[in-house]
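Heads up, the thing below is written out as structure tokens.
On a predicted model such as this, the values are computed, not experimentally measured, just so you know.
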There are 2 protein chains.
Amino acid sequence: MPTPPRTSRDQIITAGYTLLNELGLSAVTMQAVATRVGVRAPSLYKHVADLPALRALVADAAARDLATHLAGLDQLSDMAHALRTWALAHPHAFRLTFSGVGSPETMATASASLLRASASIAGNADALNAARLLTAWATGFITMELAGAFQLGGDVDAAFRYGIDRITAALTTRNPPPASTTGTPGPSH
Amino acid sequence: MPTPPRTSRDQIITAGYTLLNELGLSAVTMQAVATRVGVRAPSLYKHVADLPALRALVADAAARDLATHLAGLDQLSDMAHALRTWALAHPHAFRLTFSGVGSPETMATASASLLRASASIAGNADALNAARLLTAWATGFITMELAGAFQLGGDVDAAFRYGIDRITAALTTRNPPPASTTGTPGPSH
DNA sequence: ACCTGAACACCGTTCAAGT
DNA sequence: ACCTGAACACCGTTCAAGT
């Protein structure tokens, strides 16, 4: 006898994302998510394959959330600051986004807007490399900040601004760029 | 009746580090580590507080392993390449090192030598910021590479070289640096 | 068509009992 | 002083049974 679903994939992903932000990845369990959507754990298997799959979907949700917070910005420095602001407010989501748990497109989605902004500063030929450089630096900086690597000293806000200034300068001084030595830019991010 | 220990903290950490490299963090369990050192899981509690503590010790071991691979290098670009080479050979260890699971000093230990090399390129006043910039970029680049963010296109080796060139240039052009706007460097990393 | 309880395998942790 | 088996709580996953 057919019965209507008592929950949905979207509801499950949302519950998982909430648990991630409030308690961390280890709290994103089948049982906790099931309880939160009002069913028993075995029911989730009608909607997601297993726990790793659920966590991958939560990682994608995190990337979409981040993308929302970057949308509408066109200054590279504004985007870098927005990335850091979001990461400090959602540390578990940030780590999961860049952990490789999500689909291969997850991070590309999150940082797609960075590519547009990079293209306007560096030449188009170097836009891919420039976007990668800025994204990698900001990601690494925030990763280290969240991990406590900077806790012993210095003004972390100032260090972040220093990095943006230096990198923006490094990318701008090469505009228009000489013939690139790095091959043709690929489609990724 | 006193009896001699049948295992040791070092042996336990080594077993955990081996499991980490071979199978990933999720394989570093009390039971798997105990089996590997030839005792039962409850015995481990005589040597480590609990599983999170064991994983923190494994993270520290990873940082020390990385530091070993960076020791003896003085060129910034050599160190960046050595970091990447080690990370690609030990992806789980790399991720754990920069995950914040270890002690606060873990990452500082791993990247201490980067500070020395940075000081010789940028002024001493900017050495801390410069070291942070390079470490953050390399960490973020490798994180994204391991997560598959670059898999869709381009020459990743070339992109890494591009980043080193651009960053080294950005740090060198400011040598000696003007009065820094970023306050006094702290003792961290 | 979806949800459930029962079952199984597995893991972290505690603790009384062994040596 | 260290190790063990037994026990308990908890989690992932499967599946026959319910509606």
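Of the candidate nucleotides D:dG12, D:dC3, C:dC2, D:dC3 has the atom lying nearest to any side-chain atom of B:Val39. In this structure, of D:dT14, D:dG12, D:dG5, it is D:dG12 that holds the atom nearest to the side chain of A:Leu51. In this structure, the nucleotide among C:dC3, C:dT13, C:dT19 sitting nearest to the side chain of B:Thr3 is C:dT19. Among C:dT4, D:dC2, C:dG12, the nucleotide with an atom closest to any side-chain atom of B:Met30 is C:dG12. Here the nucleotide nearest the side chain of A:Arg6, chosen from C:dC3, D:dT4, D:dG12, is C:dC3.
At the heavy-atom level, A:Pro5 lies under 4.0 Å from the strands shown only through sugar-phosphate atoms. Residue contacts shown for A:Thr29 are limited to sugar-phosphate atoms, with no base heavy atom under 4.0 Å away.
Under the side-chain contact (heavy atoms from CB on, under 4.5 Å) test applied with B:Val33, the options B:Ile12, B:Thr14, B:Val48 reduce to a single match, B:Ile12.
Ring-plane geometry between B:Phe160 and B:Phe141 is classed as perpendicular, the angle between the planes exceeding 60 degrees on a 0 to 90 degree scale with a lower cut at 30.
Salt-bridge formation is detected for the pair B:Glu22/B:Arg36: a Lys NZ or Arg NE/NH1/NH2 atom is positioned less than 4.0 Å from an Asp or Glu carboxylate oxygen.
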Hey, mind stepping through A:Asp50 and A:Tyr45 against side chain to side chain donor-acceptor pair (under 3.5 Å) and telling me if it holds? CA-CA 7 Å; A:Asp50 52 21; A:Tyr45 291 83; over 6 Å; no
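Rounded to whole Å, atom C1' of D:dT4 lies 13 Å from atom CD of B:Gln31. Nucleotide D:dT13 holds its C1' atom 13 Å from the NZ atom of A:Lys46, rounded to whole Å. Distance B:Asp50 CG to C:dT13 P: 5 Å, rounded to the nearest Å. Atom C1' of nucleotide D:dT13 and atom OH of A:Tyr45 are separated by 5 Å, given to the nearest angstrom. Going from atom CZ of B:Arg55 over to atom C1' of C:dC11 covers 11 Å, rounded to whole Å. Between A:Leu44 atom CG and D:dT13 atom P there is a gap of 10 Å when expressed in whole angstrom units.
Checking C:dC11 for Watson-Crick or G-U wobble geometry (two distances, each under 3.5 Å) identifies no partner in any strand. In this structure, C:dA17 forms no base pair with any nucleotide, since neither Watson-Crick nor G-U wobble geometry is met with both distances under 3.5 Å.
Within the 4.5 Å cutoff, the side chain of B:His90 has no heavy atoms near those of the B:Leu20 side chain.
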